[in-house]
There are 2 protein chains.
Amino acid sequence: MSNPRPRPNLSDLAAALGVSAATVSNALSGKGRVSPELIEKIRKTAAESGYIPSLPAKALRTGRSGVLGLVLADIAHPLFPQIAQAVEFAAANCGYGVLIADSRGDIATQTGAINRLLERGADGLVVVPRRGTRVGDIGRPVVVIDSPSTPRNTVAADHWNGGQQIGQYLLSQGHRHFVIIGGSATSNVQNDRVGGIRSSLPADATSEVIWIEDIESKNGKGCDLGLVAKAREGATVFCAVSDLHALRALMELQRGGIDVPKAASVTGFDDLIWSPVVTPSLTTMRMDMATIADIAVARLLEAIEAEGGAKSPSEKPEPHISSVPMQLVIRQSSGPAPVRRLSTSGGVAVL
Amino acid sequence: MSNPRPRPNLSDLAAALGVSAATVSNALSGKGRVSPELIEKIRKTAAESGYIPSLPAKALRTGRSGVLGLVLADIAHPLFPQIAQAVEFAAANCGYGVLIADSRGDIATQTGAINRLLERGADGLVVVPRRGTRVGDIGRPVVVIDSPSTPRNTVAADHWNGGQQIGQYLLSQGHRHFVIIGGSATSNVQNDRVGGIRSSLPADATSEVIWIEDIESKNGKGCDLGLVAKAREGATVFCAVSDLHALRALMELQRGGIDVPKAASVTGFDDLIWSPVVTPSLTTMRMDMATIADIAVARLLEAIEAEGGAKSPSEKPEPHISSVPMQLVIRQSSGPAPVRRLSTSGGVAVL
DNA sequence: AGGGTTTGATTAAGCGTTTAATCACCTTAC
DNA sequence: GTAAGGTGATTAAACGCTTAATCAAACCCT
């Protein structure tokens with residue numbers, strides 16, 4: 001005498017319409033042979049009765065869960081929001097849900113996380129692996145988002161080209177003496193970026209690469225990087241391969257009385273959330289996460305489709321890597337190279 | 001002639017052992033009546049045959065998907081990674097998966113995202129709502145992570161108390177003239193923090209609150225906040241309610257030649273990822289996300305349990321809000337108040 | 001007009017679990 | 001010796017959906 005239809009199911013609908021459940025199913029999925037008018041009618045009543053198909057039932061029957069797994073090696077990564085948002089959006093557009101798992105940087109846990117997702121029935125996985133980690137062969141489609149150096153299906157930002165872009169931009173501003181700041185020399189991504197920058201420099205330009213990890217292992221965490229001295233020696237631009245490092249450089253220079261961008265330019269990578277709001281706001285290279293996620297999800301669904309048809313393990317679609325161009329975001333922290341001042345006390349406000 | 005047992009199911013196991021499927025199910029779940037030896041034997045063969053129960057089947061039968069939905073309204077929020085990580089961990093510990101949905105800041109999309117999760121069969125939802133948004137009544141258990149001012153089940157950091165803690169700490173360092181920096185006066189969270197700070201100040205202390213949004217609406221985005229002037233006028237500590245703002249304050253002061261922490265202290269809130277690595281590293285109040293997530297998930301599972309038993313809608317467990325204390329993280333950006341200098345040009349390095 | 005094809009719908013089986021109901025058997029008690 | 005009770009297992013139905021197989025009726029063609 002109370003709840004009329006708490007949540008109608010396919011049979012309820014069929015009964016109410018006086019047709020069979022199969023017909024309703026066909027009408028809604030557009031698969032079998034149903035007359036156009038009936039389809040119309042069924043869809044209408046389905047909508048107004050608030051019918052929601054049971055995903056578990058569908059999953060059980062079809063063997064597809066309609067869920068993608070997103071494995072973040074380290075969820076605390078500052079780029080995570082961008083990635084998660086983009087992947088979720090792309091997946092939702094294709095009618096898929098996104099299950100997350102995090103391996104908190106622990107390489108052992110990474111496979112654990114992957115397994116959890118597989119047990120939950122994820123149809124395929126998007127993996128953002130921990131640095132230097134390889135994703136082993138699991139029995140399901142996988143797409144990796146990383147630097148383009150993975151034997152699997154990979155989609156990544158074109159870090160090398162990103163480096164070139166920012167290098168060229170800075171050259172066009174008249175800079176000739178580069179200090180390139182990296183975090184860890186073991187990172188593929190960072191090395192790609194550094195390589196890109198250097199490859200864009202002509203013969204008359206100088207560049208020096210410093211790795212924060214190296215310096216800190218000597219002088220302790222949070223130590224000075226000696227940038228002010230380098231600026232005094234003639235470096236006009238500090239090119240960090242991450243906004244994290246760019247911020248650090250920016251503050252060190254400002255503390256040392258070097259005016260940014262008048263006396264020196266600072267640039268970063270990744271366009272992290274605070275990059276627009278610091279002063280001066282950071283010039284940086286942004287990854288096109290939306291495109292990366294779109295491609296990743298598309299490739300994944302492709303593989304999932306293919307998996308359904310192909311029984312023999314031989315005819316899986318060949319692994320493919322795609323590079324997505326990065327975008328230069330020019331803000332206030334970069335500008336023209338200062339007029340040459342040969343270690344004379346120039347017009348710039350120094351100590 | 002190839003795959004021996006691609007993925008055994010309950011019946012396969014039962015057949016191999018010569019018992020019924022029901023017995024296997026009971027043995028594994030420990031529910032029915034099965035002899036201890038048989039349980040032992042079944043569990044053993046289950047394990048070594050690599051048996052993985054089908055979640056969809058279980059979900060279909062029991063009506064529980066074993067999945068929690070995580071709704072992030074304000075995905076740009078820098079705390080997002082911490083929250084997601086903590087929730088995922090807490091849920092995984094309880095054998096639950098986490099499905100994410102993002103409403104990209106759009107308030108209309110928020111309900112859409114919630115619905116997507118419900119359609120996917122989420123047993124319950126953890127919602128981190130967009131500022132000023134209320135979560136409407138959906139037919140499932142919900143826990144909200146927000147400032148403690150929501151009519152629903154809510155768990156939140158005790159922002160007010162956090163404000164008091166940092167206020168007291170700064171008082172103990174001798175500070176008496178506070179500038180409190182907020183972003184938007186419409187944020188509950190920020191208001192709580194500001195209120196907490198002020199409530200901790202004795203009569204002989206002065207405080208002034210400035211809202212960045214207000215200043216920027218007059219002077220344009222990224223404008224100066226006039227902090228250097230305030231420092232000259234005697235303010236010795238700049239208390240931001242977010243590390244984002246603290247960073248901005250820090251840079252503005254450093255650019256103006258104010259030494260932090262010698263001439264003035266700067267503190268923030270949230271312990272964002274870069275807070276330890278800027279120079280000087282930021283003193284801040286950290287939320288205990290792990291605890292918050294634990295409580296949120298626990299309360300959610302509780303509600304899900306209760307929902308199973310209680311038929312009458314009346315006897316749902318009463319909404320409860322919990323506050324989790326924040327943790328003071330002392331780093332380099334704060335220190336003792338400088339010795340009094342009555343607008344005379346002190347010993348500090350200025351312009 | 002009657003055999004073949006097309007169209008629009010139905011029937012029924014099955015996906016892998018859980019669980020209430022049932023059953024056979026063994027104890028125990030009177 | 002037999003009824004009552006306990007124990008350890010089985011049977012069978014159900015969860016909600018998809019889909020191949022089937023079927024009845026309408027259509028086409030010569």
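Per chain, numbering begins at 1; letters A, B, ... match sequence-line order. Scope of the values below: all heavy atoms of this structure, side chains included, with no hydrogens, waters or symmetry mates.
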5' to 3', nucleotides 6-16 of chain D under a 4.0 Å protein heavy-atom cut-off (B base, S sugar-phosphate only, - none) gives -BBBBB-BBBB
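Taking atom CG of residue A:L55 and atom P of nucleotide D:dC17, one finds them 10 Å apart after rounding to whole Å. Spacing between atom CG of A:L17 and atom P of C:dG8 amounts to 18 Å, rounded to whole angstrom units. Rounded to whole Å, atom C1' of C:dA21 lies 17 Å from atom NZ of B:K31.
With sequence neighbours excluded, no residue forms a salt bridge (charged side-chain N to carboxylate O under 4.0 Å, His left out) with A:R120. When the side chain to side chain donor-acceptor pair (under 3.5 Å) test is applied to A:S20, the partners found at least two apart in sequence or on another chain are A:T23. Checked against side chain to side chain donor-acceptor pair (under 3.5 Å), A:N93 has no partners two or more places apart in sequence or in another chain. Under the rule for a side chain to side chain contact (heavy atoms under 4.5 Å, CB included), the partners of A:A46 that lie at least two apart in sequence or sit in another chain are A:L13, A:L28, A:Y51.
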Can you list, pair by pair, the side-chain donor-acceptor contacts under 3.5 Å of residues 30-39 of chain A, counting residues two or more places apart and other chains?
from, atom 1, to, atom 2, distance (Å)
A:S35, OG, A:L38, N, 3.4

